[in-house]
Structure formats: structure tokens, C-alpha cells
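Report on the following structure.
Just so you know, these numbers come straight off a predicted model, no measurement behind them. Order of the sequence lines sets the chain letters (A, B, ...), proteins ahead of strands, with each chain counted from 1.
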Amino acid sequence: MIPYLQTRLAALALVLLLMSMIVFSFVHLIPGDPVEAMLGVEVDASTKQGLRHALGFDRPLAAQYALWIGRALRGDLGTSVRTNQRVTAILAEKLPITLGLTLAAAGVGLAIALPAGVVAAVRRDSLVDLGAMGIALAGVSIPSFWLGVMLILLFSLHWRLLPAIGYVPFARDPLGALRHLVLPAVTLGLGLAGALTRMVRSGVLEELGQDYVRTARAKGLRAGAVIARHVLRNALLPTLTVLGVQVSVLLGGAVITEQIFAWPGVGQLAVQAVLSRDYPVLQGTILVVAALATVIQLLVDLAYALMDPRVRYT
Amino acid sequence: MKRRWRALLRHRLAIVGGGLTAALVVAALGAPLIARDDPLGMHMAASLEPPSAQHWFGTDQFGRDIWARVVYGARLSFGVGLLSMLLATAAGLPLGAAAGYLGGPFDALAMRVMDAVLAFPAILLAIGLVAALGPGTGSGIIAIGIVYVPVVARVSRAAVLARCREEYVDAARALGETDWGVLTRHVLPNCLAPVLVQVTVGFASAIVIEAGLSFLGAGTPPPAPSWGGMLNEARQYMAASPCVAVFPGLAISIAVLGFNLLGDAMRDVLDPRLRR
């Protein structure tokens with residue numbers, strides 16, 4: 001396991017380094033003077049010069065990157081040009097909100113995909129299978145921003161069952177927090193459910209054809225027990241890998257979902273940073289979210305390697 | 001090729017997906033004929049009207065015909081999908097092919113850079129690029145193209161790696177063909193099927209990302225009829241008239257479903273090894 005871990009950590013370090021270069025380059029892709037783009041043309045020259053110096057724009061490009069990444073590694077992602085708050089402090093406040101939504105969405109996705117995928121596989125080529133696959137296909141085809149808007153239209157405006165927008169901290173009002181979480185989590189989780197249902201189905205189908213399943217059945221084990229005790233354990237391993245990849249999709253989806261439901265997480269922060277041209281906040285947000293997605297994916301891969309020894313030796 | 005084309009025409013998913021995609025292409029190309037109204041023409045006295053014989057999908061908050069805007073939106077979505085996929089293929093195919101064929105340090109470096117780009121959540125990277133390039137349809141096309149370059153590059157590299165082990169490649173080399181000749185005349189023509197499948201599925205992603213960017217206010221600016229922009233504006237008025245939110249979203253979903261189904265069918269027919 002140690003050599004596998006070393007290889008993966010080295011690859012992670014290289015990917016994170018390259019990602020930081022890409023995020024750093026955003027500001028330098030701006031046509032013209034990036035400081036003018038952030039502050040506007042009306043601001044006096046000394047203010048512009050001050051920001052230029054604070055961001056290191058008066059140095060050579062390589063020195064700018066070294067300064068920026070050096071600060072980032074020490075936990076300093078700069079200061080918002082709009083609110084003057086430290087980017088790390090803003091992210092520390094917003095990130096848990098987004099992670100809570102992402103986790104809830106993953107729960108919704110798994111709660112739908114596991115039973116739907118298993119039933120579709122067990123009743124292969126039946127109407128149930130066709131229906132489950134149809135819903136899975138709809139899940140991956142319906143964009144989250146339309147689904148979210150439709151859920152608000154039905155559950156909030158029409159039936160008045162759930163709040164349309166807003167965020168309530170769990171510690172302040174647990175029931176209110178859950179009520180506000182339902183629609184965003186379902187919006188984000190249904191896309192994941194679509195992708196995972198197809199994966200669970202194909203995993204279960206593959207395992208059902210294995211010799212050990214026939215042996216378990218020959219021993220007189222009930223069909224349900226065969227699935228629960230033998231098939232699912234093996235079929236879920238590839239699903240776990242897909243879940244790791246989907247973390248990045250979920251975090252990206254959270255950007256739009258938070259905008260629809262007015263959730264004050266990093267997604268809304270990123271959009272506001274784009275609209276207000278607050279590049280330090282945008283760079284910090286994208287870097288942290290992308291790094292987080294990469295690290296979570298690595299952790300999922302390591303969990304996979306722990307559960308399936310074959311992965312460690314290939 | 002004829003055999004594969006016939007197999008595609010007999011494939012159920014291809015028929016449904018192809019039909020939906022064809023509807024999008026017809027709407028995109030024939031928008032001025034199909035739309036029946038000016039997508040930008042405002043009639044404040046007729047705002048938020050329900051569907052009728054005059055306005056098939058009703059009208060929006062400015063009295064603009066939603067059917068006309070959805071049809072012209074198809075033109076925008078199809079154009080963004082086409083141009084961004086052309087950009088991704090123009091950059092990703094040669095990069096992936098060179099990495100697969102040359103191998104060594106170039107392959108390792110190129111693929112790590114591609115891994116880094118792929119590690120970003122797609123919409124977040126697109127937002128970052130659009131923020132740098134400035135909001136607009138052109139920036140959206142470039143951003144989506146860049147986001148999709150690693151996907152095309154990885155598929156191309158894998159296809160080239162697989163073809164390089166074939167005997168006909170050894171035979172071409174033995175006959176004195178240069179590396180460039182082997183790659184362009186023998187390897188690449190046999191790698192186009194998986195790339196075509198990926199680009200077809202990428203069309204769906206491009207449509208969703210463009211609509212997402214416009215929904216967030218970072219894509220095509222109003223009053224241009226972008227499906228995502230229409231949906232964003234609709235949020236304020238959907239309580240009074242659900243049509244303003246239903247039809248643009250339905251159009252996105254149908255377009256995405258069409259390309260996904262067509263991509264799945266093409267994968268089954270052109271590259272059965274990729275089938276799960």
C-alpha cells in the first residue's frame with residue numbers, strides 16, 4: 001500500500017501545482033490592465049498603483065507566481081478588493097455550507113441509485129428496468145438549474161410545502177435547516193442519482209453472472225441475501241470510483257444550485273466575484289474548491305485500493 | 001462505413017437521439033422560417049400571456065414570443081456547441097495523438113497538464129475563464145472549448161496508443177513511412193470513431209455549460225435569446241406565468257437528451273469496446 005500511496009501523492013502534488021498555475025493565469029488572461037478591470041477606470045493612479053503593488057503585478061511574471069503560491073501555501077489567498085476581507089476567512093465561513101449541501105446531495109443520489117440500480121439489474125429487460133433507466137437518463141439530461149426552478153415552482157409556489165430560497169444554520173434551527181436543505185439537495189442529487197443508477201445496474205449485472213453467485217444460490221441462500229451479502233459488496237466497488245469522480249461534478253453543480261436557492265456558499269461567492277470582478281476571491285475560491293475535489297477523489301481512490309487489493313498492484 | 005451507417009440507422013437509441021438532434025439542427029438553421037415572430041420584439045401590452053394560437057408557448061415579461069425565443073435559442077446553443085467542440089477537437093486531437101504516438105516526457109507532461117484541467121469542476125473553470133475573457137458568447141465558446149480539450153486529448157491518446165500496436169502500423173514503418181506519415185495516414189484515420197463519439201456527447205455538455213453560464217449572468221448577455229438567460233429571467237415571473245420557465249428548460253433537456261442518446265448509440269455502433 002505504501003508504494004501505491006507514494007505514487008498517488010506525487011501525482012496529486014504535480015496536479016495541484018499545475019492547477020495553481022492555471023488559476024494564477026486567470027488574472028493575466030484579462031485583456032488590458034487587470035487592476036483597471038478590478039477597480040474601474042475612474043479610480044486615481046495612486047490607488048491603482050497601491051493595488052498593483054499589493055498583488056505583485058509590478059514584478060516579473062515568474063516572481064508574481066512565486067509570491068502568490070508562496071502566500072497560498074501559508075494560507076494567505078489575498079484580500080477581497082470589494083470587501084477588504086481576507087479570502088481565507090471568507091472561504092472558512094462559506095465552505096462548510098457548500099460541503100453540507102454536497103454531502104446531502106450525495107446522500108440523495110445514493111438513496112435513489114442503490115435500490116433503483118439493484119432492482120433494474122435483478123429485473124433486467126422488464127418494465128421496471130426500462131423505467132429506472134429512463135429516469136436515470138432523465139437525471140443526467142435535465143440540467144440542475146431547470147430542475148431547481150421547477151421544484152421551486154411546484155413545491156414552494158404551487159403546493160407551498162417547502163421554502164423556495166434561503167439558508168438556515170443547523171445549530172440555530174435544525175428543523176428549519178432541514179426544510180431549507182430538501183430542495184437544493186434533491187436538485188443536486190438527482191443528477192448524481194442518474195449517473196450512479198446506471199453504474200450500480202451494470203455492476204450488479206456483472207456480478208450476477210459470476211460463479212460465486214451460482215454457488216450461493218445452490219447452497220439455498222435466498223435471492224435477497226445473495227444480493228445483500230455477496231453481490232452488492234462487489235458491485236459497489238466500481239460505483240465508489242464513480243462517486244469519487246462525481247464529487248467534482250457535485251461541487252461544480254453546487255455553484256448553480258446555490259445561486260438558485262440563495263445559499264450563501266462558495267458557489268454563490270464565485271458568481272458574485274465574477275460579476276464584481278473580485279479576482280483574488282475568484283482565484284482563491286476556484287483553487288480551494290478544485291483542490292478539495294482532487295483530494296476527495298484521491299481519498300475515494302485510496303478507499304477503493306484498501307477494499308480491493310488488486311488495485312494496489314496494478 | 002456503409003455497414004456502420006446502416007447499423008446506426010437501425011439502432012433504437014440512435015433513431016430517438018438522432019431525431020431530437022435533427023429537430024435542434026432544423027430549429028437552428030431554419031429559425032427565421034420557424035419562429036413566426038421576432039425573438040426580440042417587445043409587446044408590453046401582451047406580457048406573460050399563456051400559450052395560444054398566436055403565441056404557441058405564450059409570452060415573457062416583455063411580451064416577447066417564447067416560441068420564437070426558444071427557436072432562436074436553439075441556433076445559439078447549436079452554434080456554441082459546434083464551435084466549442086471544433087475548438088476542443090482542433091486542440092485536443094493533435095495534442096492527444098502526439099502524446100500517444102511520441103510517448104516519453106512529452107506524453108507525461110501533456111497528460112499531467114490535461115489531468116490538472118480535468119480536475120477542475122467544469123462550470124467553475126468555465127466561470128474563471130469567462131471572468132478573465134469577459135462575459136459574452138465568444139468567451140463562453142472559448143471557455144467550453146478549453147474545458148473540453150483534455151477530454152478529447154485523453155480519448156485521442158488512448159485510441160492512438162491502441163492503434164500503434166496494430167500490425168499495419170509496423171508494416172507502414174517497415175515500408176519506410178515517416179512518423180508523420182504513419183500518424184496522419186494510418187493511425188489517425190482509424191482513431192476518429194471514439195473521438196467522434198466523445199465530441200457528440202461533448203455537444204450535450206457544451207449546451208448545458210453555455211446555458212449554465214448564461215443562467216448565472218456570465219454567458220450570453222440579454223436580450224439575446226439564450227435558453228439559460230431566459231430561465232434566469234423567468235425566475236422572477238414564473239409564479240405569474242410558469243410557461244416562461246418551463247419551455248426554455250424543456251428545450252435544454254431535450255437537446256441534451258438527444259445528444260446523449262445519439263452519443264450512446266454511436267458508441268455502441270462505432271466503438272463497441274467502450275460499451276459498459
Is it the case that atom CZ in A:Arg124 sees more than 12 heavy atoms from other parts of the structure closer than 6.0 Å?
no
Between A:Leu282 and chain B, which part of the residue has a heavy atom less than 4.5 Å away: side chain, backbone, both or neither?
side chain
Residues B:Ile252, A:Ile142; criterion side-chain contact (heavy atoms from CB on, under 4.5 Å); working and verdict
CA-CA 8 Å; B:Ile252 302 171; A:Ile142 295 174; over 6 Å; no
Looking only at B:Val246, B:Asn260, B:Asp264, the option with the highest number of non-hydrogen pairs under 4.5 Å against chain A is B:Val246
Best-contacting candidate, A:Ser248, A:Ala273, A:Ala138, against chain B by heavy atom pairs under 4.5 angstrom:
A:Ser248
Are the side chain of A:Trp146 and the backbone of B:Gly228 linked by a donor-acceptor contact shorter than 3.5 Å?
no
Out of curiosity, B:Leu231 CG to A:Met150 CE, how far, rounded to the nearest 0.5 Å?
7.0 Å
So which of A:Leu153, A:Val140, A:Leu287 has the largest heavy-atom pair count under 4.5 angstrom toward chain B?
A:Leu153
Is there side-chain contact between A:Phe145 and B:Asn232, with at least one heavy-atom pair below 4.5 Å?
no
Within a reach of under 6.0 Å around CD of A:Gln64, are more than 12 heavy atoms found that belong to other residues, nucleotides or ligands?
yes
Please list every donor-acceptor pair under 3.5 Å in which a side-chain atom of residues 110-136 of chain B meets a protein atom from a residue at least two apart or in another chain.
residue, atom, partner, partner atom, Å
B:Arg112, NE, B:Asp115, OD2, 3.0
B:Arg112, NH2, B:Asp115, OD2, 3.0
B:Asp115, OD1, B:Arg154, NH1, 2.3

Toward chain B: residues of residues 14-27 of chain A with heavy atoms under 4.5 Å:
A:Leu14, A:Val15, A:Leu18, A:Met19, A:Ile22, A:Val23, A:Phe26
Partner chain B: residue of A:Ser144, A:Ala270, A:Pro143 with the largest heavy-atom pair count (under 4.5 Å)
A:Pro143
B:Arg235 and A:Gln259: which non-hydrogen atoms are nearest, and at how many Å?
NH1-O, 3.3 Å
Turns out that what part of A:Val271 lies under 4.5 Å from chain B's heavy atoms comes down to side chain
With a 4.5 angstrom heavy-atom cut-off, could you sort out which part of B:Ala239 is near chain A: side chain, backbone, both or neither?
both
Winner by heavy-atom pair count (cut-off under 4.5 Å) against chain B, out of A:Leu251, A:Leu205, A:Ile286:
A:Ile286
When A:Thr294, A:Val249, A:Thr285, A:Ile260 are compared by non-hydrogen pairs under 4.5 Å with chain B, the top option
A:Ile260
My understanding is that only one of B:Leu261, B:Val256, B:Ile254 makes a side-chain contact (heavy atoms from CB on, under 4.5 Å) with A:Ser141; could you say which?
B:Val256
